[in-house]
Amino acid sequence: MPQVAMTVNGKPARGEVEGRTLLSSFLRDNLGLTGTHVGCDTSQCGACVVHVDGKDVKACTMFALEAEGAQVDTIEGQAGADGSLNVIQQAFQDHHGLQCGFCTPGMVMTAAALLKETPKPSEAEIRDYLEGNICRCTGYHNIVKAILAASGQDAGAIAAE
Amino acid sequence: MKASAGGYARAESVRHALDLLAGSDGQGRVLAGGQSLVAAMNMRLSVGDLLVDISKISELSGIAVEGDTLRIGALTRHAQVGTDPQVQAHAPLLKDAVAHIAHAAIRNRGTIGGALAHADPAAEFPACTLALGATMHAEGPDGSRSIAVEDFFEEVFTTALNEDEILTGITLPIAEAGEMQILEEVARRSGDYALVGLCLAKRAAGHRVALFSVGPKPVLAMGAMAALDAGDLDAAVDALSAEIDPPSDTQASAAYRRHLGGVLLRRAVARLKGDAA
């Protein structure tokens, strides 16, 4: 089987994969990084969003071999080495931006991509950017608040739904 | 479900990719951004393909103005098309289209060449290239050739590309001074495929109207274009209604799609006038 090598959360990672092995499968099954969730395998739910060379992508819609040589960042790399939550994760906790937690890794990684591109997004920009991430628990409201708060803005300013 | 593939090979150059396709016994499948192909493979709609990954061929990516044409490499990603200042200046229709294509994470992987070669009848880029009168550039075992967009899209997921050819890029006439380009679409959900979409370009020589999601391939609405040139919007809507033959499916009936075509034409023309005022 072909070998693939990439950098995952700053550390070199390699493994044997099939041509059809998805990046999401490689992360979960070969590397044991099960924080990247797989909801649909068809690009719709966004639970598997990771960053490849700094860009948010759906890990279920990319083969592991396509990530040869790439810098991949997953939810496991977001917290500090001591386990302290990063600003986005902390905001999700503070604003109750999750209930069951299944969509949360994808939400956090998508939020991180948004804030890199747009450090102070409006509520509308946040909702627009989250169009590829489905949450069945929260109704999105607290997720939007969490991302507003993570960007240093007043989360209380958005209307209650 | 997970994808089933007959193999995977990473092409180092266009020539290498063509050799891999030629040696694949008809099973070769070009993998560009993979945002339609991988999902289709995961659903087992496509099985046993020998994947020829062209995504690392850097010469196929990029945007350049060459005289009065805009050249876009096949591997240029949607996100890049959507933010490139040259696209904004010379083919704003493509920039507007990007906002309607799926989601940010998909736009970071999907490529314009992949979308055109895939030829999904509900996709934006094929109709945009038809409205703008693009030329497709392909490379095959016998060299390169150019294909006029009017001859490129043939059927659902079917183009004039031969199985041993690769789409390498497209060229478009750059927008004239004062040219207006407008995209309108109706979709059930943000980022979902259009129920109906319409591209309108207004040039000195006349109007160009192309629709998507109204049949097996994008349609150039010649009757509507002639009526708009004559300044008769009602006649253009009637002509449009007569020259499209949209399908009924679980998303929308043919009658509703035909109606939407007229609505979108009126919206686009209203924007044309509003913006011009």
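The analysis underlying the following values was restricted to heavy atoms, covering all of them including side chains, and did not include hydrogens, waters or symmetry mates. Because the structure is a prediction, the values reported are computed rather than measured. In what follows, chains are A, B, ... by sequence order, proteins preceding strands, each numbered from 1.
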| task | Kindly check if the number of other-residue, nucleotide or ligand heavy atoms within 6.0 Å of NZ (A:Lys120) is above 12? | result | yes
| query | Closest heavy-atom contact between B:Tyr8 and A:Gly19? | reply | CB-CA, 3.6 Å
| note | Most contact-rich option vs chain B, by heavy-atom pairs under 4.5 angstrom, among A:His51, A:Lys58, A:Met109, is A:Lys58
| field | Part of A:Thr110 lying under 4.5 Å from any heavy atom of chain B | value | neither
| Got a second to check how far B:Asp53's CG is from A:Phe63's CZ, nearest 0.5 Å? | 9.5 Å
| task | State, yes or no, whether a side-chain contact exists between B:Arg109 and A:Lys55 at a heavy-atom distance under 4.5 Å. | result | no
| request: Heavy-atom distances under 4.5 Å only: say whether B:Leu50 touches chain A with side chain, backbone, both or neither. | output: neither
| field | Within 6.0 Å of CD in B:Gln86, more than 12 heavy atoms from elsewhere | value | yes
| Beyond-backbone contact of A:Asp56 with B:Asn108, side-chain heavy atoms, under 4.5 angstrom | yes
| task | Count the heavy atoms belonging to other residues, nucleotides or ligands that lie under 6.0 Å from CZ of B:Phe157, then report whether that count exceeds 12. | result | yes
| remark: Heaviest contributor of heavy-atom pairs below 4.5 Å to chain B, chosen from A:Met62, A:Glu66, A:Glu117, is A:Glu66
| Hey, what do you get for CG (A:Asp128) to NE2 (B:His103), rounding to the nearest 0.5 Å? | 10.0 Å
| task | Output the distance between atom CG (B:Asp49) and atom CZ (A:Arg20), rounded to the nearest 0.5 Å. | result | 13.0 Å
| note | Counting heavy-atom pairs under 4.5 Å with chain A, the top scorer among B:Gly34, B:Gly6, B:Ser190 is B:Ser190
| said: To the nearest 0.5 Å, what is the distance between OG1 on A:Thr42 and CG on B:Asn42? | reply: 7.5 Å
| Does CG in B:Asp25 sit with more than 12 non-hydrogen atoms of other residues, nucleotides or ligands closer than 6.0 Å? | no
| request: Please answer whether the main-chain N or O of A:Leu65 pairs with a side-chain N or O of B:Arg10 as donor and acceptor at a distance below 3.5 Å. | output: yes
| note | When the 4.5 angstrom heavy-atom criterion is applied to A:Val52 and chain B, the contacting part is neither
| request: Check each atom of B:Ala102 against the heavy atoms of chain A and say whether the ones under 4.5 Å are side chain, backbone, both or neither. | output: backbone
| field | Electrostatic pair B:Lys56:A:Glu68 at N-O distance under 4.0 angstrom | value | no
| Sole candidate of B:Leu37, B:Val38, B:Ile106 that passes side chain to side chain contact (heavy atoms under 4.5 Å, CB included) when paired with A:Thr61 | B:Val38
| message | For B:Arg107, is there an ion pair with A:Glu131 - N to carboxylate O distance below 4.0 angstrom? | response | yes
